[in-house]
Amino acid sequence: MGEDSRTVEARAPRLSFTEMTEIMLPQHSNAIGTVFGGTVMAWIDVCGSITAGRHCQRTAVTAAVDDLVFLAPIRVGDIVVLKGRVNAAFHTSVEVEVTVEIEHRVSQERRMCVQALMTFVAVDAAGRPTPVPPLLPMDEDDARRHKEAQRRRDARLAKKR
Ligand SMILES: CC(C)(COP(=O)(O)OP(=O)(O)OC[C@H]1O[C@@H](n2cnc3c(N)ncnc32)[C@H](O)[C@@H]1OP(=O)(O)O)[C@@H](O)C(=O)NCCC(=O)NCCS
């Protein structure tokens, strides 16, 4: 698919939904056997970047990480599942939520470990911000996420000013 196939039409969140699975290896750990936070942050940035890039259909750079909370420890041997979804698309930026869960090896039940909200900006070949397709909320949950993201954006931009 070439650059001419990019769309300016609104895109549903499912089109950019991203799931990544990792395993926490000894080289990812800190001195007490839990994951080194920077490793998880790098995975989150990769997952968020793929999600944003899928929505924008071009490279999107990380502009801000507003909220990143480690809720529970991840240990060596754990299977780690990251999910990225676009909450809202603005003019040249998108808000992406990335969640990180541990998957139990036997039951495959998942437990939430980390949640992050990030802003990515779509850029052209020269690194200049460029317009993104609108997001098309498909259900009540999508609409709620969109509304909340809009509120956060207003607060974020007020803080930047
Ligand atoms: C992100 C970047 C492209 C924004 O460039 P800029 O000249 O500030 O662009 P603008 O002021 O025109 O803003 C462009 C968009 O970025 C958003 N933005 C800029 N700074 C932001 C911030 N601190 N938080 C959230 N959004 C921000 C603006 O709201 C705007 O979005 P909109 O068009 O949807 O309203 C630029 O700062 C950059 O290249 N930063 C480095 C990115 C990078 O290298 N990331 C990799 C991680 S090290």
Side-chain angles (χ1 to χ4, degrees), residues 1-25 27-30 34-71 74 80-101 112-161:
M1 190 192 272
E3 298 195 348
D4 292 345
S5 316
R6 280 190 198 122
T7 175
V8 289
E9 281 161 24
R11 291 168 63 74
R14 68 178 163 72
L15 297 176
S16 48
F17 178 79
T18 300
E19 185 167 310
M20 262 168 56
T21 307
E22 299 280 346
I23 185 156
M24 156 79 171
L25 296 172
Q27 65 261 34
H28 301 136
S29 72
N30 58 23
T34 60
V35 76
F36 175 61
T39 300
V40 182
M41 288 194 262
W43 290 341
I44 289 172
D45 199 25
V46 170
C47 182
S49 162
I50 294 169
T51 309
R54 282 179 172 165
H55 179 80
C56 303
Q57 298 175 291
R58 59 167 71 243
T59 301
V61 295
T62 315
V65 180
D66 292 310
D67 219 354
L68 196 153
V69 189
F70 289 91
L71 302 164
I74 301 173
V80 178
V81 181
L82 294 99
K83 289 185 203 160
R85 55 167 295 148
V86 175
N87 280 337
F90 305 108
H91 179 53
T92 64
S93 65
V94 290
E95 185 192 87
V96 174
E97 180 190 68
V98 179
T99 59
V100 183
E101 296 167 305
M112 186 66 76
C113 288
V114 189
Q115 281 176 308
L117 290 168
M118 315 171 77
T119 301
F120 289 85
V121 177
V123 291
D124 63 15
R128 284 183 301 253
T130 190
V132 302
L135 189 74
L136 182 63
M138 301 300 286
D139 57 25
E140 270 182 30
D141 184 49
D142 290 350
R144 177 187 57 78
R145 285 168 177 276
H146 199 275
K147 210 164 138 189
E148 289 175 2
Q150 180 66 57
R151 265 206 303 271
R152 283 189 291 267
R153 169 188 161 85
D154 295 344
R156 196 180 292 135
L157 293 182
K159 191 173 154 196
K160 191 183 172 198
R161 276 195 296 272

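The structure displayed is predicted, hence computed values, not measured ones. Read the numbers this way: they start at 1 and go in the same order the structure lists the ligands and their atoms.
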task = Could you tell me which atoms of ligand 1, counted from 1 in the order shown, lie closer than 4.0 angstrom to a heavy atom of Leu157?
result = 29 (O)
query = At a non-hydrogen distance cut-off of under 4.0 Å, which region of Ala64 contacts ligand 1 (side chain, backbone, both, or neither)?
reply = side chain
inquiry  = Can you report which non-hydrogen protein atom sits closest to atom 25 (C) of ligand 1, along with the distance?
reply    = Arg156 CD, 3.4 Å
request  = Tell me which part of Val132 gets within contact of ligand 1: side chain, backbone, both or neither, using heavy atoms under 4.0 Å.
outcome  = neither
query = Got a protein heavy atom sitting under 4.0 Å from atom 37 (O) of ligand 1?
reply = no
request  = Salt-bridge test for Arg156 and Asp66: reply yes if a basic N is under 4.0 Å from a carboxylate O, no otherwise.
outcome  = yes
ask   = Taking Val121 as the fixed residue, which of Thr59, Thr92, Val132, Thr130 is the one that meets the side chain to side chain contact (heavy atoms under 4.5 Å, CB included) rule?
value = Thr92
request  = Consider only side-chain N and O atoms of Arg11 and Ser16, and report whether a donor and an acceptor are under 3.5 Å apart.
outcome  = no
message = List ligand 1 atoms under 4.0 Å from Phe90, heavy atoms only on the residue side.
response = 34 (O)
ask   = Are Asn87 and Glu95 close enough that a side-chain donor and a side-chain acceptor fall under 3.5 Å?
value = yes
ask   = Nearest to atom 16 (O) of ligand 1 by heavy atom, Thr92, Val123, Thr119, Val121: which?
value = Val121
inquiry  = Can you pull out every ring pair (Phe, Tyr, Trp, His ring centres under 6.0 Å) where at least one residue sits in residues 136-161? Sequence neighbours excluded, please.
reply    = none
request  = Identify whether the distance between the nearest side-chain nitrogen and carboxylate oxygen of Glu101 and Lys83 falls below 4.0 Å.
outcome  = yes
ask   = Any donor-acceptor pair under 3.5 Å linking the side chain of Arg54 with the backbone of Phe17?
value = yes
ask   = For ligand 1, which atoms sit closer than 4.0 Å to a heavy atom of Ala63?
value = 1 (C)
ask   = Within a distance of under 4.0 Å, is there any protein heavy atom near atom 1 (C) of ligand 1?
value = yes
key: Nearest-0.5 Å distance that lies between atom CG in Asn30 and atom OG1 in Thr39   = 9.0 Å
ask   = Under the 4.0 Å line, does any protein heavy atom show up next to atom 32 (P) of ligand 1?
value = yes
inquiry  = Among all protein heavy atoms in this structure, tell me which lies nearest to atom 39 (O) of ligand 1, with the distance rounded to 0.1 Å.
reply    = Val61 CG2, 4.5 Å
Beyond-backbone contact of Met41 with Phe70, side-chain heavy atoms, under 4.5 angstrom = yes
request  = Run the numbers on His55 and Leu135 for side chain to side chain contact (heavy atoms under 4.5 Å, CB included), then give the verdict.
outcome  = CA-CA 8 Å; His55 179 80; Leu135 189 74; 3.7 Å; yes
query = Which heavy atom of the protein is the closest neighbour of atom 34 (O) of ligand 1, given with residue, atom name and distance?
reply = Ser93 OG, 2.6 Å
task = Kindly write out the residues that satisfy ring pair (Phe, Tyr, Trp, His ring centres under 6.0 Å) with His28, not counting sequence neighbours, or none if the list is empty.
result = Trp43
request  = Please confirm whether Arg153 comes within less than 3.5 Å of ligand 1 when only nitrogen or oxygen atoms on both sides are compared.
outcome  = yes
query = Among protein heavy atoms, which sits nearest to atom 12 (O) of ligand 1, and what does the distance come to when rounded to 0.1 Å?
reply = Pro129 CG, 4.1 Å
key: atom 41 (C) of ligand 1 [closest protein heavy-atom partner, distance rounded to 0.1 Å]   = Thr62 O, 4.6 Å
message = Is atom 44 (O) of ligand 1 touching the protein, meaning some protein heavy atom lies under 4.0 Å away?
response = no
message = Does the protein come close to atom 48 (S) of ligand 1 - that is, does one of its heavy atoms sit below 4.0 Å from that atom?
response = no
task = Could you tell me whether Arg14 and Asp142 have a side-chain N and a carboxylate O separated by less than 4.0 Å?
result = no
task = Output yes when a protein non-hydrogen atom is found under 4.0 Å of atom 7 (O) of ligand 1, and no otherwise.
result = no
query = For atom 11 (O) of ligand 1, what's the nearest protein heavy atom and its distance?
reply = Lys160 NZ, 4.2 Å
